[in-house]
Amino acid sequence: MKCSRGWIPFSKKEFKKDYHSVTFIIDKDLKNKTLLAHPNVNTMTVSMEYSDLIKYIEYHHNKYYEI
């Protein structure tokens, strides 16, 4: 069912299906460092602390492994 704005509404239950989860594998040598990443395009760079990345991952209920 389309809305007048052109997007399809969805329920919260549909949004939390397993196919939306991501598992991160993170090098443990990155702890206590500033991380740089390119979000979808390489014309921008995002900078964040390692601890903030972990908070972000946990906030979205994803898994991560430090190796």
Side-chain angles (χ1 to χ4, degrees):
M1 168 180 227
K2 270 195 165 184
C3 290
S4 61
R5 294 184 183 200
W7 53 274
I8 301 170
F10 56 88
S11 70
K12 192 173 187 180
K13 183 179 178 185
E14 289 178 87
F15 185 74
K16 292 200 173 222
K17 287 186 179 177
D18 285 340
Y19 59 83
H20 288 286
S21 67
V22 176
T23 300
F24 292 84
I25 308 297
I26 305 171
D27 188 334
K28 64 183 175 187
D29 292 337
L30 297 174
K31 277 188 177 179
N32 302 318
K33 297 194 178 177
T34 301
L35 309 176
L36 303 173
H38 298 289
N40 297 326
V41 290
N42 64 1
T43 57
M44 298 181 299
T45 303
V46 174
S47 170
M48 70 172 59
E49 297 299 318
Y50 181 88
S51 59
D52 291 332
L53 173 63
I54 299 303
K55 289 177 192 174
Y56 183 81
I57 293 170
E58 291 173 344
Y59 176 81
H60 289 283
H61 306 288
N62 290 308
K63 295 178 186 176
Y64 69 94
Y65 299 97
E66 296 173 326
I67 58 168

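In terms of modelled atom types and a separation under 3.5 Å, the side chain of H38 and the main chain of M44 share a donor-acceptor contact. Judged by distance alone, the side chain of N62 and the main-chain N or O of V22 form a donor-acceptor pair under 3.5 Å.
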Under the side chain to side chain contact (heavy atoms under 4.5 Å, CB included) criterion, do L35 and L53 qualify, and how do the steps go?
-> CA-CA 9 Å; L35 309 176; L53 173 63; 3.6 Å; yes
Verdict with reasoning, Y50 to I26, per side chain to side chain contact (heavy atoms under 4.5 Å, CB included) | CA-CA 10 Å; Y50 181 88; I26 305 171; 3.4 Å; yes
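Atom NZ of residue K31 and atom CD1 of residue I54 lie 8.0 Å apart, to the nearest 0.5 angstrom. Separating the CG atom in D52 from the CD1 atom in I57 is a distance of 11.0 Å, to the nearest 0.5 Å.
Other residues sharing a hydrophobic cluster with Y65 under the 4.5 Å side-chain heavy-atom criterion for ILVMFWY residues are I25, I67. The hydrophobic side chain of Y59 is isolated, with no ILVMFWY side chain under 4.5 Å apart from it.
Within a 6.0 Å sphere centred on CG of N32, heavy atoms belonging to other residues, nucleotides or ligands number 12 at most. Within a 6.0 Å sphere centred on OH of Y56, other residues, nucleotides and ligands contribute 12 heavy atoms or fewer.
Looking at residues two or more places apart in sequence or on another chain, you find a side-chain hydrogen bond (donor to acceptor under 3.5 Å, both in side chains) between T34 and E49.
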